[in-house]
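Convention: sequence-line order gives letters A, B, ...; per-chain numbering from 1. Because the structure is predicted, anything quoted here is derived from the model rather than measured.
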Protein chains: 2
Amino acid sequence: MSPSSRSASPSQPRTLAHPERDEISLEAVLHALSDPVRLQVVRYLAGLAEGEGAACSAIELVVSKSTGTHHFRVLREAGLISQVYRGTAKLNALRRADLDALFPGLLDAVLGADAARRERDVS
Amino acid sequence: MSPSSRSASPSQPRTLAHPERDEISLEAVLHALSDPVRLQVVRYLAGLAEGEGAACSAIELVVSKSTGTHHFRVLREAGLISQVYRGTAKLNALRRADLDALFPGLLDAVLGADAARRERDVS
DNA sequence: ATGCTTATACGATAAGCATCGTAGTACGGC
DNA sequence: GCCGTACTACGATGCTTATCGTATAAGCAT
């Protein structure tokens, strides 16, 4: 089969499938967040300015390149991040608006709890 | 087999291991919540009065008995619920105080999002 | 074109997990 | 004592996932 999901349109060179807002399920989101590597990615992206994105390589992960790609894909398919090709790089951004609309307070709670734990561990 | 395999501590007949508050990890909690059956249990227990518990059999799950036991165990070991033997039954209760202290807003966000989705699905 | 950077696809592997049935233990009542 | 209720432990099974290395494609610069 052709690379990814390029069904009929030949002019769309490299677009990736994202779930619509109402296709995002709570279970999938929680599962996506339950992995330390993916949590690290989300935490990083949450620290960026609104609408800004970061390349995959901008985040230093403790896993191999291909494993990193796998985790980015899980995050995208769960609806947590959006991925857009831009040149050779791929810009990842948190879908904060969608997540806040669907699960109000969830993202902040996860990020807040995580930040608090980090401070505790340092002390 | 030997009827009494309780040789060491005679005073505490049937107690189950629970993680301390500071042993509860965010990843484990999120993972425990990412299963629909376990989410159903948490939702049920959240509807009970503070400090009240429910027997395993009080919650009708769509899985077999032994699978249900497995899920209760996952929830307990992740620190989400407490389990105390009382007669032949086992009382399950949500560890709301611990969870709210560790991850403020998380539980409410999960339960609220879930309730909202349910209402949406009905309409 | 050649090469470099970035990220993906593919195939493989090992571990984890949800599920079940069956057998068994603990407790309370008869 | 004996039986029923409530839950558990064990072993099995099939699916999912996290991990990797290697090969490959797409874009940019020279």
Applying side chain to side chain donor-acceptor pair (under 3.5 Å), which residue pairs with at least one partner in residues 46-61 of chain B are found, sequence neighbours left out?
none
Would you mind reporting whether B/H31 and B/R38 have side-chain heavy atoms less than 4.5 Å apart?
yes
A/V41 and A/L61, any side-chain heavy atoms less than 4.5 Å apart:
yes
Using a 3.5 Å limit for the pairing distances, which stems of at least 3 consecutive Watson-Crick or G-U wobble pairs does DNA chain D take part in?
C:1-30 with D:1-30
Which pairs would a plain distance check flag for residues 73-82 of chain B, meaning a side-chain donor or acceptor within less than 3.5 Å of a matching protein atom at least two apart in sequence or in another chain?
residue : atom : partner : partner atom : Å
B/R73   : NH1  : B/E77   : OE2          : 3.3
B/R76   : NE   : B/A17   : O            : 3.1
B/R76   : NH1  : B/Q83   : OE1          : 2.9

Expressed in angstrom and rounded to an integer, what is the separation of [X] atom [atom1] from [N] atom [atom2]?
X	N	atom1	atom2	result
A/R73	D/dT17	CZ	C1'	13 Å
A/L33	D/dA18	CG	P	13 Å
A/L61	D/dA18	CG	P	14 Å
B/E77	C/dC17	CD	C1'	13 Å
A/Y85	C/dA7	OH	P	9 Å
B/L75	D/dC7	CG	P	15 Å

Using links of under 4.5 Å between side-chain heavy atoms of ILVMFWY residues, direct or through other members, which residues join B/L16 in one cluster?
B/Y85
Sort me out a list of protein N/O and nucleotides 19-22 of chain D N/O pairs below 3.5 Å, or just none if empty.
residue : atom : partner : partner atom : Å
D/dT19  : OP2  : A/H71   : NE2          : 2.4
D/dC20  : OP2  : A/S64   : N            : 2.7
D/dC20  : OP2  : A/S64   : OG           : 3.2
D/dC20  : OP2  : A/T67   : OG1          : 2.9
D/dG21  : N7   : A/S66   : OG           : 3.3
D/dG21  : O6   : A/S66   : OG           : 3.1

Pairwise distance [atom1]([X]) to [atom2]([Y]) - rounded to 0.5 angstrom:
X	Y	atom1	atom2	answer
B/L33	A/E27	CG	CD	10.0 Å
B/R95	B/D100	CZ	CG	12.5 Å
A/L99	A/I24	CG	CD1	5.5 Å
A/T88	A/R86	OG1	CZ	10.5 Å
A/D98	A/L107	CG	CG	11.5 Å
B/L106	B/L30	CG	CG	6.0 Å

Summary of protein contacts for nucleotides 11-16 of chain D, nucleotide by nucleotide, where a base hit scores B, a sugar-phosphate-only hit scores S (4.0 Å, heavy atoms)
------
So what does [X] hit on the nucleic acid, given a heavy-atom distance under 4.0 Å: a base, only sugar-phosphate, or nothing?
X	answer
A/R38	sugar-phosphate
A/F72	nothing
B/S57	sugar-phosphate

